[in-house]
Amino acid sequence: MKPIIQIRDVHKYYGDYHALRGINVDIGEGEFFSLLGPSGCGKTTLLRTIAGFEDLSQGTIHIDGRLMEGVPPNKRPTNMVFQSYAIFPHLTVAENVGFGLRRDPRTPAQKAAAVEEALEMVGLKGYGGRAAHALSGGQRQRVALARALILKPRVLLLDEPLSALDKKLREQMQSELRRLQRQVGITFILVTHDQEEALIMSDRIAVMFEGQIAQLAPPQELYRRPVTRQVAEFIGVMNFLPASVATVNGARIDVEVAGLGTVELAAEQCPGGARSGKGSVGFRPETLTILFEGETPRGRVAEGTVEEVTYYGDMTYYGVVPDGVDVPLTISMRNLVGRRVLERGERTRVAWDPAALVLFC
Amino acid sequence: MRSKGTGFRAYTIAYLIFLYAPIVLLPIFAFNNSTIIAFPLAGFTTNWFRELATIPALHHAVWNSLVIAVSTSILSTCLGVFAARASTRYDFPGKGPIIGFIMLPLVLPEIIVAVSLLVVLLGIGIELSAWTVILGHVLICTPFSIAILNSAFQSLDKSLEEAAIDLGETRWSTFRLITFPLIMPGIISSLLISFTISLDEFIIAFFLTGTQPTLPVYIWSQLRFPTKLPSIMALGTILVALSITLLIIAEYFRRRGIARSGGQDAGGFL
Ligand SMILES: Nc1ncnc2c1ncn2[C@@H]1O[C@H](COP(=O)(O)OP(=O)(O)OP(=O)(O)O)[C@@H](O)[C@H]1O
Ligand SMILES: [Mg+2]
């Protein structure tokens, strides 16, 4: 992976407030990179330092091998799609999209063709003459995208571009954005606080908490092997049980898990690194399986009582309290043909696989 | 409930009569064929308007007032743009007190401003002229301009300017292409308000004007001669008609600007 952006030891203070606390990350050429984190963790701040709207308090940013210190936003090979879209309300759609071409040496006819092409790319062919303020939310978003992409930047920065759209439109734009990114081959850096969106769209995700990157990984690794409990809780649903490390022999770790007994874990199941003392193990709802009458388990089995039943149509989510513990475990089951939905209070067997556990110390 | 409603209506009507009756009397006596301002009316005439055309001193006063009002409105609007932009976009030490001092003339009695300006100007030996009146008027008009333009800047999304810079424009071209067109309604309001304030301002003009009186000062000087009263009425009629026309034009442009940019109407004059 050839890095196009290199961020080294970046700190940002707003007065006394330490908004970015030592960010180090390389972002690859043509990568779809997401910054994911809760509100106020510094995602926008980091994006704006890349765009050049905020000065760094410490550290360096290189884009395309060039040090960006002192380079103003209009001289950087980046363009930004703002959270509010920032569509110029007094201009037409075509004037908005062609705004960045004002200093371009091409002839007006060539520029008009470029605008038309950009509009076509985002699915707004023929909208050029419309007044920009009369557009719907989804159309604004597309205009903002076309306006930024027409300059063929090396990096496109997107600050929660989909958060203002309703669920259906958002899902449609997610796949469209991904398709567009593959088509133009430009590096996209997406800020979002929606973990699902980040998982769906990204090549890699940086999870941020309080101005620091807690984990930087591709979606699958992030979901399966979160390095801390905080990351695990932020990405999807995870069950936790108290655990303590019994013995470590080489690559294998023996862990005593409340309610489940002793399990042997591989070193990779402890992505956080620490492997001694007390902690917890986590596992995802879909790695647990309710055993219906006559089904034979793969892996190990625990017994418990159904306390919660939430029916979603395609799926049912159960809360099952295993014998010997008092925390309910969330279990998701697909509603296959002929499979019944358990009632609250029923006894059940739960199959689980030690390979699905993640250890946090 | 009903009696409450009629009470309120009566109050409104009385209020409007009180407000507009003098203005309605203006054209009535301007066309009245008598030098005495009193009922019953004596007949229709346009003599008073014709008489206006024959007084060179009046023409000079009108010209002076126009020059002063136009200069004042442009100067105070420019200053207002700078101050409003600084106060809404930047944080700097002492911002609160500085803006406070600029806004102070809004509440200072005009007579105080006029007298102290006169003392200072005489003290440093500047001769009184149209320029000194402009100076005084800019001083009292700028706070109005700032107040109007502040709200224009506040309703302007900061990311619009950032987007323009991000797309390759400089600060100055961003101002010209994005900021200026979008605060245009505010600028028109500011120009209009300062123009009107300056045009009919009396106290500062009276103190600071040299040998060239402004229109209000001229009118005041003519009130001593009862025979001139009807032509003053005619002059007033013209002024009222002019200001109403001006307001309508300005409001038309303001609304068109807002409709064009799809913004919310944040209240105008009409
Ligand atoms: N101009 C500023 N002055 C002072 N503090 C600021 C400024 N901008 C941001 N902050 C603070 O820095 C922290 C990070 O802000 P940032 O906007 O980067 O958060 P975010 O991760 O984008 O959150 P959100 O998801 O809510 O947009 C916040 O606590 C915020 O209050
Ligand atoms: Mg943000």
Side-chain angles (χ1 to χ4, degrees), chain A residues 14-15 44 47-48 50-54 71-93 95-104 118 130-136 140 143-153 155-161, chain B residues 81 85 88-96 149 151-190 250 252-268:
Chain A
Y14 289 113
T44 299
L47 202 71
R48 288 171 60 84
I50 297 173
F53 290 117
E54 305 283 350
V71 181
N74 51 358
K75 296 280 192 298
R76 296 195 182 197
T78 58
N79 281 117
M80 186 142 164
V81 174
F82 290 81
Q83 185 162 5
S84 58
Y85 306 146
I87 302 294
F88 306 133
H90 57 307
L91 304 179
T92 64
V93 169
E95 285 167 338
N96 262 283
V97 173
F99 191 84
L101 298 180
R102 241 172 48 85
R103 287 150 198 272
D104 193 294
R130 293 244 194 137
H133 64 79
L135 297 177
S136 73
R140 276 160 190 268
V143 171
L145 211 55
R147 186 176 70 180
L149 283 174
I150 201 169
L151 293 171
K152 306 223 156 39
V155 181
L156 186 70
L157 308 169
L158 304 113
D159 192 356
E160 309 209 18
Chain B
V81 168
R85 193 185 146 78
T88 50
R89 287 288 184 272
Y90 301 109
D91 260 320
F92 45 90
K95 175 170 141 180
L149 289 161
S151 69
F153 271 106
Q154 260 154 15
S155 59
L156 181 70
D157 183 0
K158 196 175 150 203
S159 62
L160 289 174
E161 292 172 278
E162 287 183 342
I165 290 177
D166 188 59
L167 292 167
E169 296 300 332
T170 60
R171 275 174 190 284
W172 166 240
S173 60
T174 296
F175 182 82
R176 194 164 54 80
L177 296 166
I178 304 299
T179 317
F180 186 71
L182 290 177
I183 58 165
M184 202 57 197
I187 288 183
I188 289 178
S189 302
S190 161
Y252 168 74
F253 278 109
R254 199 186 65 84
R255 286 197 185 169
R256 202 179 64 164
I258 286 174
R260 262 209 198 142
S261 58
Q264 289 290 311
D265 196 335

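Residue numbers begin at 1 in each chain, while the letters A, B, ... track the order of the sequences. Predicted model only: the values in this text are computed from it and were never measured. Values reported hereafter were calculated over all heavy atoms of this structure, with side chains retained and with hydrogens, waters and symmetry mates removed.
- How far OG1 of B:T170 is from CZ of A:R103: 5.0 Å, rounded to the nearest 0.5 Å.
- Using a 4.5 Å cut-off between heavy atoms, B:S173 contacts chain A through its side chain alone, with no backbone atom that close.
- Residue contact with chain B, scored on non-hydrogen atoms closer than 4.5 Å, involves the backbone of A:I87 exclusively.
- Between the CZ atom of A:F99 and the CD1 atom of B:I178 there is a distance of 4.0 Å, given to the nearest 0.5 Å.
- Looking at every heavy atom in both residues, B:S159 comes nearest to A:A86 through O-CB, 3.5 Å.
- Within 6.0 Å of atom OH in A:Y14, more than 12 heavy atoms from other residues, nucleotides or ligands are found, so the atom counts as buried in its surroundings.
- Between chain B and the options A:A148, A:P72, A:P73, the largest number of non-hydrogen pairs under 4.5 Å is found for A:P73.
- Only the side chain of A:F53 has a heavy atom closer than 4.5 Å to any heavy atom of chain B.
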Tell me, with the steps shown, if B:M184 and A:H90 meet side chain to side chain contact (heavy atoms under 4.5 Å, CB included). CA-CA 11 Å; B:M184 202 57 197; A:H90 57 307; over 6 Å; no
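- Contacts between A:R147 and chain B at a heavy-atom distance below 4.5 Å involve backbone atoms as well as side-chain atoms.
- A:N74 contributes a side-chain N or O that, together with a main-chain N or O of B:E169, makes up a donor-acceptor pair within less than 3.5 Å.
- Options A:M80, A:R76, A:K75 differ in how many heavy-atom pairs under 4.5 Å they form with chain B, and the most are formed by A:M80.
- Taking each heavy atom of B:E162 and A:F82 in turn, the nearest pair found is OE1-CE2, 3.6 Å.
- Listed options B:I165, B:D166, B:L160 were ranked by heavy-atom pairs under 4.5 angstrom with chain A; first place goes to B:D166.
- Contacts of B:D157 with chain A are made by side-chain atoms alone, with heavy-atom separations under 4.5 Å and no backbone atom involved.
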